[in-house]
Amino acid sequence: MDFNFYYFGKKIQSKCKKFIRRCERMKKSLLVIFVSVLLVVAGFSQVAGIPREETLIANVLTGRVNSPGIFNIFTSSWRTPDQGIQQLMLEPLWMMEPTRGEVINSLAAEGPIYNEDFTKMTVKLREGCYWSDGVEITADDIVYAITTAMKYQGMAYHDQFRLHVDKVYKTDDYTVVFELKEPNARFHANFVDRWGAWRPFPKHIFEKVEDPLSFNYNPPISSGPYVLKDYDRAGYWTLWEKREDWDRTPTGMLFGEPKPKYVLFYYYGEATNQVIAQANHNLDMADLTMEAFRALIQRNQYSRGYRIEYPWVVNTDPCMTGVIFNTDVYPYNIKDVRWALTLAIDIVDYIGIAFDGAAPMGALHLPPMPVYQEWYYEPLEDWLKNFTLDIEVNGRPFKPYDPTATLRAAQYARERGYEVPNDIEALKEMFGPGWWKYAPDVAEQLLERNGFTKDKNGKWLLPDGTPWKINIIANANPSHPAHRNALAAAQQWRNFGIDVSVTPSEQDASIVVSGNFEVSAQWPASEPWGGHPDLYRVFSSTHSKYYQPIGENAITNLGPAPGRWTDPRMDKVIEGMEKVDWDSEENMELGIEGLKILVEEMPSIPTFGYPGVVGWDEYYWTNYPGAENPYMIPYHHWPNFKYVLPFLEPTGRK
């Protein structure tokens, strides 16, 4: 079938905008505008020629597909995986699940099996899984695909496998053995899907191809519960249809039959377009800005967020936001300065500036999502309360931690007119378990003992007498948390008496990774797994062996590593983790030790967990994974989305 979603949609959008402008000139009410827009777009859902009530429509987060006819994402070239490829078409060996706090065995029947010295890893495959063309998925597929990835430099994970794999072979149809060149307790991390991993591809298809790098893989063969139905040659939409043999996939075996017969991934573009589409029930799952979400719930009685009430946002996102200091640049190489800037922040006011208080605060370099509160925040609570800085206040060592910040955040919400519970545990889950004290007087002492002074206008001067000026590199998107963090930090530090500027840039990631910055609003720590307590991902990039001087690219643009921070104590933590099982108690103890080092040194300031803003329309589908029933991570762009679909319920509306 030949869909014309994009062209029809652009025509509707143009009519809507012209009509709205006329209404605004006539000073009509928003209600009139809304009703009129509904009339303009009536019938849109029938364009596709497929039953709307059997179709789930989701926005494409990463944009229009640049190569819409290419479904081969097994190369190192960028493809748009969230057009449905990673969410519906492919199953990994293992899936990381942050909301559940677990690693799901997908194509693998159980977790990785290592020998005693971590030089051999065995994978047991789930029996009875089939490719969508009826061929069983076996160890032959895994061995062939790994060998192919090692053979061709342009294949994804070529470098990792060449570096670590000595041999790969099968011992039976469902058992694959990797012999490693050296001990590696984290080799399995290459196969754990968390918005990206190595995923198997079919031997019986690729072995017939002369060049796997230029192979389009169209039509693609699916290991997941859906197959490609059609796609827009301009790259705006991709339509998937449920497999008849959905029960021969890990999704079906683990969670049952996906409810929608069709899933359409459609790129609507800016948030305004998504609001219009969902208000007319032509977009079930959207990723929005806070402003767009507020507009949406005013226009569509069926729309909701992750939480039905304030603060609405997702609190199970495994990303931590904040700011990074370049510790190779004066004065951010001084711990006292970094801590002074931390204590100059009123976190409640800070999050109020950034997201109207609708984001969970976190004092650790981990997002304060429920599982991390259980695994790390609660075990470290007493240590945080008793932690002191090397400075005295009223003759006593100063304790910077403020467990009452949660209550202050709740009070902010009440003063803004929002209803929030009184139960402290519920408040911690909503707003985070605490943060650092707002103590500008202590911050002043820390600076003064390092030679900083104030001029007659109360502005801070560097020890050489020149004005202290801070420039924060920020994400260019005004709605992005990295941009909002920059604005909030700038305001807090201006209030403290520092001249602060914010430089938004579309090149912020490349600027930061090269070290050409003072302060950045990139993530203050590399993202953790989210569904597993192992913190190796958080710490590993800070190892001194990865250090690069300013001008050379760091190993990542996230966390203290691009800030050129290293510490011999952290090196020992990282090296210790490389020698122990990620499920071991020793590994968690190393994680706690590493978090303490980051707190003591504060090479970056964690502020709040990523406040995911989603908009769900309950007109055609209900039982989304919201806060009242958090059965899976609630993002339609994550590969876990296939595991959400069996839980959705149709409303029966036509």
Side-chain angles (χ1 to χ4, degrees), residues 1-10 44-45 47-73 78-91 132 193 195-196 199 217-220 222-243 246 251 258-271 273-278 280-288 612 614-617 620-621 624-625 632-646 648:
M1 66 184 74
D2 182 17
F3 296 163
N4 291 300
F5 276 15
Y6 172 62
Y7 306 105
F8 189 76
K10 295 295 284 186
F44 173 80
S45 61
V47 175
I50 56 176
R52 177 65 180 92
E53 67 273 14
E54 296 182 44
T55 306
L56 182 77
I57 305 177
N59 188 60
V60 182
L61 176 70
T62 58
R64 184 172 68 90
V65 182
N66 292 325
S67 304
I70 301 177
F71 292 86
N72 181 2
I73 68 163
W78 166 255
R79 306 280 184 240
T80 306
D82 60 324
Q83 68 184 104
I85 294 176
Q86 70 177 7
Q87 304 103 306
L88 304 175
M89 187 182 102
L90 296 178
E91 297 271 10
S132 56
D193 204 351
W195 232 99
R199 294 123 170 175
Y217 198 39
N218 185 1
S222 172
S223 58
Y226 286 77
V227 292
L228 180 69
K229 179 72 172 177
D230 203 349
Y231 63 93
D232 175 35
R233 276 59 180 173
Y236 284 91
W237 53 262
T238 310
L239 180 66
W240 304 86
E241 184 175 14
K242 181 167 56 179
R243 284 172 55 170
W246 55 264
T251 299
K259 297 303 193 304
K261 181 176 181 181
Y262 302 98
V263 178
L264 174 68
F265 284 95
Y266 187 100
Y267 177 58
Y268 279 95
E270 62 180 6
N273 300 343
Q274 295 186 59
V275 170
I276 293 172
Q278 189 166 119
N280 292 283
H281 311 305
N282 294 315
L283 177 61
D284 299 301
M285 302 184 76
D287 43 89
L288 301 168
V614 298
W616 297 331
D617 187 11
Y620 289 109
W621 302 98
Y624 294 102
M632 207 74 66
I633 193 164
Y635 292 143
H636 58 271
H637 50 273
W638 272 56
N640 311 51
F641 183 54
K642 58 179 107 15
Y643 301 156
V644 170
L645 299 180
L648 297 184

Under a 3.5 Å distance rule, please check whether [X] uses its side chain to pair with a backbone N or O of [Y] as donor and acceptor.
X      : Y      : value
Arg79  : Ile70  : no
Asp284 : Trp616 : no
Glu241 : Tyr262 : no
Asn273 : Tyr268 : yes
Trp621 : Glu53  : no
Asp232 : Ala234 : yes
Gln278 : Leu283 : yes

Rounded distance [0.5 Å steps], [atom1] in [X] versus [atom2] in [Y]:
X      : Y      : atom1 : atom2 : result
Lys242 : Leu56  : NZ    : CG    : 12.0 Å
Asp617 : Met285 : CG    : CE    : 11.0 Å
Gln274 : Asn282 : CD    : CG    : 13.0 Å
Met89  : Lys642 : CE    : NZ    : 10.0 Å
Tyr217 : Ile73  : OH    : CD1   : 10.0 Å
Tyr266 : Trp237 : OH    : CH2   : 9.5 Å

Minimum side-chain heavy-atom gap [X]-[Y] below 4.5 Å:
X      : Y      : answer
Glu91  : Pro225 : yes
Gln87  : Trp240 : no
Thr80  : Val60  : yes
Trp638 : Leu61  : no
Gln83  : Phe71  : yes
Tyr624 : Leu648 : yes
Ser222 : Leu90  : no
Leu288 : Asn59  : no

Nearest heavy atoms of [X] and [Y], plus distance in Å:
X      : Y      : result
Val614 : Pro634 : CG1-O, 4.4 Å
Pro260 : Tyr226 : O-OH, 2.5 Å
Val644 : Ile633 : CG2-O, 4.0 Å

Before giving the answer on side-chain contact (heavy atoms from CB on, under 4.5 Å), spell out for Leu645 and Leu88 the whole-Å C-alpha distance, their side-chain angles and the decisive distance to 0.1 Å.
CA-CA 10 Å; Leu645 299 180; Leu88 304 175; 3.5 Å; yes
Q) Quick one: do the Tyr231 and Asn218 side chains pair a donor with an acceptor below 3.5 Å? A)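 Yes, a side-chain donor-acceptor pair sits under 3.5 Å.
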Side chains of Asp287 and His636, donor plus acceptor under 3.5 Å
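The criterion, which ignores hydrogens and geometry beyond distance, is satisfied for His636 and Asp287.
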Using 4.0 Å as the upper bound for N to carboxylate O, is an ion pair formed by Asp230 and Arg233?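 Result for this pair is yes, salt bridge flagged.
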task = Take Tyr620 and His281 through the test side-chain contact (heavy atoms from CB on, under 4.5 Å) and record every step on the way to the result.
result = CA-CA 8 Å; Tyr620 289 109; His281 311 305; 3.9 Å; yes
Name the orientation class of the two ring planes belonging to Tyr635 and His637 (parallel below 30°, tilted from 30 to 60°, perpendicular beyond 60°).
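Aromatic pair Tyr635/His637 classed parallel.
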Quiz prompt | Working for side-chain contact (heavy atoms from CB on, under 4.5 Å), residues Val65 and Tyr267 | solution = CA-CA 9 Å; Val65 182; Tyr267 177 58; over 6 Å; no
Discussion item. Please evaluate residues Phe265 and Phe641 with respect to the criterion side-chain contact (heavy atoms from CB on, under 4.5 Å), reporting the C-alpha separation (whole Å), side-chain torsions for both, the decisive distance (0.1 Å), and the verdict.
Written reply: CA-CA 12 Å; Phe265 284 95; Phe641 183 54; 3.8 Å; yes
